[in-house]
Engineer: 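Let me give you the structure first, and then I'll get to my questions.
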Amino acid sequence: MHSRSEPLRIGIAGIAIESSTFSPHRTTIDDFRVTRGDELLARYDFLKPGDGVEWVPLLHAVAVPGGPVTEETYERLSGEIYSRLADVEPLDGVFIDFHGAMSVLGRTDIEAEFVAGIREIVGPDVLLSASMDLHGNVSRELAETLDLITCYRKAPHTDAWDTRERAARNLVARLRSGGRPQKAWVQVPVLLPGEKTSTRIDPAKRIYALVDEVEAMDGVLDAAIWVGYAWADEPRCQAAVVVTGDDETVIAVQAQRLAEAYWEAHDEFEFVAPTGTLAECVERAVESTARPFFISDSGDNPTAGGAGDTSWTLDALLRTPAITDPGLTTIYAAIVDPEVTAAAISAGVGTTVSVEVGGKIDSGPCGPVSLKAEVAAVDPAEGVAVLRTGGLHVIVTSRRKPYHLESDFTQLGLEPRKADLVIVKIGYLEPELYAMAADWLLALTPGGVNQDLLSLGHHHIDRPMYPFDPDMPTPTLAPELL
């Protein structure tokens, strides 16, 4: 244990991605943004010089959610982290910044394996603190290997950076004076998509309100509830609760309280917006006077792990006369197709191109779609183009890219506020889009993150599990002290 005058040495590392095992996309090293050194330190603006800590940057890698990570990619990233760890020893602690739903081909529970590798290098006395997404998974192995573990409390994740700061702050505090805390861990056999568990609405809103209440109790350091990740087929994929602190009785009682609150609401969770088939949603949007009217193309949401090139929705839109009618302005964001994007950029604004779009990574729902359109805008630096046919503006990209911000559209000359319909590959609307939408529907569309979980074919999750076993008995939710 350190006195307050002694400097601490804390390493920073992480590999962060959400991986759908139902997506044919494969995530490689080119999909990750890798930072080291000063660039990695600059990622965390809450790390202040003179705080008595030497923050030691190792490596952090983050990617847009996608399909499973190739083993070669994981070995390369984790191997460099392990090598750097060995070179910079000794450390007092390690701050681990990851998502918690990474899948690697041929492996299961990769985050637990990753953290175990860190523990093997640094030894039993170094404290490990992890910040996670609430859509991550917490197996017993992961919870046991970490000393401190926490996750976001908001979905959409408006508290992501607050969570990282909390994980770092608690680590420093425990190294200074508190030592290793106890953890009460329990899994809850419920597996639901984020679109049913948004903290904007009940029951998640009221359940997550309990987290702050528990954290404020004497003897408690942190409390966290994980929804889990619905689009991977691994035993760890389910909801989980961890309460951390020094009073074993309090943390155990409160972990069970949070777990029981989640279970008691398991059949209350509903989609965060009204839902329907794509055809139903488009018909209602066209007939509505609310503008702009947003529709979520949820089955191929790249920020949940979809391939981003599922062309089923685009094919349906092109077959809908109201959408291709020049009298209605519709923006479709977006579909990844490097070949088509390059062709559009090469042809230039104002030209007409005939292309086969999408369905090249995930061809299951629909193969490439024929599109004859005018090139309305290009952004060569970003590798993005807009193809216009009638009133439909289709954004095509060279890389998988989420469209969450108004600036994502306006930098292409598109004005979503003045559009009639904006159809986005997304689940729940991120804050800027949510604030902009005059109305909103969530279309239940096919893809690697299909909201119809029962249709995907989970074979490796623990059973019984809700909603796969709707009549399952009430589980015993007794926490383990780790």
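By convention here, the first residue in the shown sequence is residue 1.
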Engineer: If you look at every heavy atom in Val69 and Tyr74, which pair is closest and at what distance?
Structural biologist: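 Between these two residues, the closest heavy atoms are CG1-N, 3.9 Å.
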Engineer: Looking only at heavy atoms, what is the nearest atom pair of Ala223 and Val214, with distance?
Structural biologist: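 Ala223 and Val214 have their closest heavy atoms at CB-CG1, 3.9 Å.
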Engineer: Quick check: does any side chain N or O of Arg400 sit under 3.5 Å from a backbone N or O of Gly306, one acting as donor and the other as acceptor?
Structural biologist: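 Side chain of Arg400 to backbone of Gly306, a donor-acceptor pair under 3.5 Å: yes, one is there.
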Engineer: Please determine if Glu144 and Arg119 form a salt bridge, counting it only when a charged side-chain N lies under 4.0 Å from a carboxylate O.
Structural biologist: no
Engineer: Between Thr27 and Gly67 (side chain of the first, backbone of the second, donor and acceptor by atom type, cut-off under 3.5 Å), is there such a pair?
Structural biologist: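 Judged by distance alone, yes, a pair lies under 3.5 Å.
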Engineer: Between the side chain of Thr150 and the main-chain N/O of Ser131, is any donor-acceptor distance below 3.5 Å?
Structural biologist: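 Answer holds: no.
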Engineer: Keeping Ser20 on the side-chain end and Gly448 on the backbone end, is there a donor-acceptor pair under 3.5 Å?
Structural biologist: yes
Engineer: Which distance, rounded to the nearest 0.5 Å, do you find between the CG of Leu405 and the CD of Glu432?
Structural biologist: 4.5 Å
Engineer: Any side-chain donor-acceptor pair under 3.5 Å between Thr445 and Asp297?
Structural biologist: yes
Engineer: Could you go step by step and tell me if Arg417 and Glu406 meet the salt bridge (Lys or Arg N to Asp or Glu O under 4.0 Å) rule?
Structural biologist: CA-CA 9 Å; Arg417 291 180 186 275; Glu406 186 171 5; 2.9 Å; yes
Engineer: Around atom CD of Glu75, are there more than 12 heavy atoms from other residues, nucleotides or ligands closer than 6.0 Å?
Structural biologist: yes
Engineer: Is there a donor-acceptor pair under 3.5 Å between the side chain of Trp185 and the backbone N or O of Val138?
Structural biologist: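 Confirmed, Trp185 side chain pairs with Val138 backbone.
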Engineer: Whether Glu72 and Arg26 form a salt bridge (side-chain N of Lys/Arg under 4.0 Å from carboxylate O of Asp/Glu) is what I want to check.
Structural biologist: no
Engineer: Is it the case that the side chains of Glu195 and Ser298 hold a donor-acceptor pair, with the cut-off being a distance below 3.5 Å and no angle test?
Structural biologist: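 Their side chains do not contain a donor-acceptor pair, so the 3.5 Å distance test is not met.
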Engineer: Using atom types as modelled and distance alone, determine if a side-chain donor or acceptor of Gln238 lies under 3.5 Å from a backbone N or O of Gly228.
Structural biologist: no
Engineer: Write down the atom of Glu113, the atom of Thr108, and the distance for their closest heavy-atom approach.
Structural biologist: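 Answer, listing the atom of Glu113 first, then Thr108: OE1-O, 4.4 Å.
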Engineer: Do Arg174 and Asp246 have side-chain heavy atoms sitting under 4.5 Å apart?
Structural biologist: yes
Engineer: Distance from Ile251 atom CD1 to Gln256 atom CD, nearest 0.5 Å?
Structural biologist: 13.0 Å
Engineer: Is there side-chain contact between Glu356 and Glu339, with at least one heavy-atom pair below 4.5 Å?
Structural biologist: no
Engineer: Could you walk me through whether Lys401 and Glu382 pass the salt bridge (Lys or Arg N to Asp or Glu O under 4.0 Å) test, one step at a time?
Structural biologist: CA-CA 10 Å; Lys401 173 183 167 58; Glu382 291 294 321; 5.3 Å; no
Engineer: Do other residues, nucleotides or ligands put more than 12 heavy atoms under 6.0 Å from the CZ atom of Arg206?
Structural biologist: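 Correct, the count exceeds 12.
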Engineer: Verify whether the ring centers belonging to Tyr262 and Phe269 lie closer than 6.0 Å.
Structural biologist: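 When the ring centroids of Tyr262 and Phe269 are compared, they turn out to be within the sub-6.0 Å range.
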Engineer: Any chance you could measure Trp55, atom CH2, to Leu91, atom CG, to the nearest 0.5 Å?
Structural biologist: 11.0 Å
Engineer: Check this for me: does any side-chain nitrogen of one of Glu111 and Arg236 sit under 4.0 Å from a carboxylate oxygen of the other?
Structural biologist: yes
Engineer: Would you call Tyr403 and Thr397 a side-chain contact if the rule is heavy atoms closer than 4.5 Å?
Structural biologist: yes
Engineer: Counting the benzene-type ring for Trp, do His458 and Phe22 have ring centres under 6.0 Å apart?
Structural biologist: yes
Engineer: Any chance you could lay out the salt bridge (Lys or Arg N to Asp or Glu O under 4.0 Å) test for Glu80 and Arg76, step after step, and finish with the verdict?
Structural biologist: CA-CA 6 Å; Glu80 183 176 341; Arg76 180 170 164 184; over 6 Å; no
Engineer: Strictly below 4.0 Å, N to O, side chains only: are Asp300 and Lys425 in salt-bridge contact?
Structural biologist: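 Looking at Asp300 and Lys425, the cut-off is met.
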Engineer: Please check if the number of heavy atoms outside Asp38 that lie under 6.0 Å from its CG is greater than 12.
Structural biologist: no
Engineer: What's the spacing between His60 NE2 and Ile96 CD1 if we round to 0.5 Å?
Structural biologist: 10.5 Å
Engineer: Do you know which two heavy atoms are closest between Ala204 and Thr199, and how far apart they sit?
Structural biologist: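 That closest heavy-atom pairing would be CB-CA, 4.1 Å.
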Engineer: Is the shortest heavy-atom distance from the side chain of Ile395 to the side chain of Val384 under 4.5 Å?
Structural biologist: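 Sidechains of Val384 and Ile395: in contact.
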Engineer: Using 30° and 60° as the class limits, which term best fits the ring planes of Tyr44 and Phe95: parallel, tilted or perpendicular?
Structural biologist: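 Geometry flag for Phe95 against Tyr44: perpendicular rings.
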Engineer: May I ask you to test the Arg166-Asn170 pair for a side-chain heavy-atom distance under 4.5 Å?
Structural biologist: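 When only atoms from C-beta onward are counted, Asn170 and Arg166 do touch, with a gap below 4.5 Å.
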Engineer: Does some side-chain heavy atom of Ser23 sit less than 4.5 Å from a side-chain heavy atom of Asp362?
Structural biologist: no
Engineer: Evaluate Asp31 against Val64 for side chain to side chain contact (heavy atoms under 4.5 Å, CB included), listing each step before the verdict.
Structural biologist: CA-CA 7 Å; Asp31 293 301; Val64 172; over 6 Å; no
Engineer: Side chain of Tyr82, backbone of Phe114: donor and acceptor closer than 3.5 Å?
Structural biologist: yes
Engineer: For Ser103, is there any backbone N or O sitting under 3.5 Å from a side-chain donor or acceptor partner on Ser19?
Structural biologist: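 At least one qualifying donor-acceptor pair exists.
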Engineer: Side chains of Trp231 and Thr21, heavy atoms from C-beta outward: is any pair under 4.5 Å?
Structural biologist: no
Engineer: Just wondering, do Val340 and Lys360 contact through their side chains at under 4.5 Å, heavy atoms?
Structural biologist: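 A side-chain contact under 4.5 Å exists here.
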Engineer: Spell out, as yes or no, whether a donor-acceptor pair under 3.5 Å connects the side chain of Asp309 to the backbone of Gly359.
Structural biologist: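 Yes; judged by distance alone, with no hydrogens or angles, the pair exists.
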Engineer: Against the six-membered ring of Tyr434, is Arg200 placed for a cation-pi contact (under 6.0 Å from the centre, within 45° of the normal)?
Structural biologist: yes
Engineer: Enter the distance from Gln451:CD to Ser296:OG here, rounded to the nearest 0.5 Å.
Structural biologist: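 So the gap between those two atoms works out to 9.0 Å.
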Engineer: Can Arg388 and His393 be said to form a side chain to side chain contact (heavy atoms under 4.5 Å, CB included), step by step?
Structural biologist: CA-CA 4 Å; Arg388 180 173 61 214; His393 299 70; 3.3 Å; yes
Engineer: Does Asp218 have more than 12 heavy atoms from other residues, nucleotides or ligands lying within 6.0 Å of its CG?
Structural biologist: no
Engineer: Please give me the minimum heavy-atom distance between Ala63 and Ile17, naming the atom from each residue.
Structural biologist: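 That would be CB-CD1, 3.9 Å.
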Engineer: Between Ile10 and Leu175, is the side chain to side chain contact (heavy atoms under 4.5 Å, CB included) condition met? List the steps.
Structural biologist: CA-CA 10 Å; Ile10 300 177; Leu175 287 170; 3.8 Å; yes
Engineer: Please name the residue in the list Asp162, Asp133, Asp222 that meets the salt bridge (Lys or Arg N to Asp or Glu O under 4.0 Å) test with Arg153.
Structural biologist: Asp222
Engineer: Which atoms form the tightest heavy-atom contact between Ala16 and Phe98, and what is the distance?
Structural biologist: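 In terms of heavy atoms, the two residues are closest at CB-CA, 4.0 Å.
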Engineer: Go through Asp97 and Ile12 one step at a time and tell me if the side chain to side chain contact (heavy atoms under 4.5 Å, CB included) criterion holds.
Structural biologist: CA-CA 8 Å; Asp97 177 5; Ile12 304 174; 5.5 Å; no
Engineer: Once rounded to the nearest 0.5 Å, what's the spacing between atom NZ of Lys205 and atom CG of Leu210?
Structural biologist: 13.5 Å
Engineer: Hey, does the side chain of Thr244 reach the backbone of Lys183 with a donor-acceptor pair shorter than 3.5 angstrom?
Structural biologist: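 The answer is no, because no donor-acceptor pair under 3.5 Å joins these two groups.
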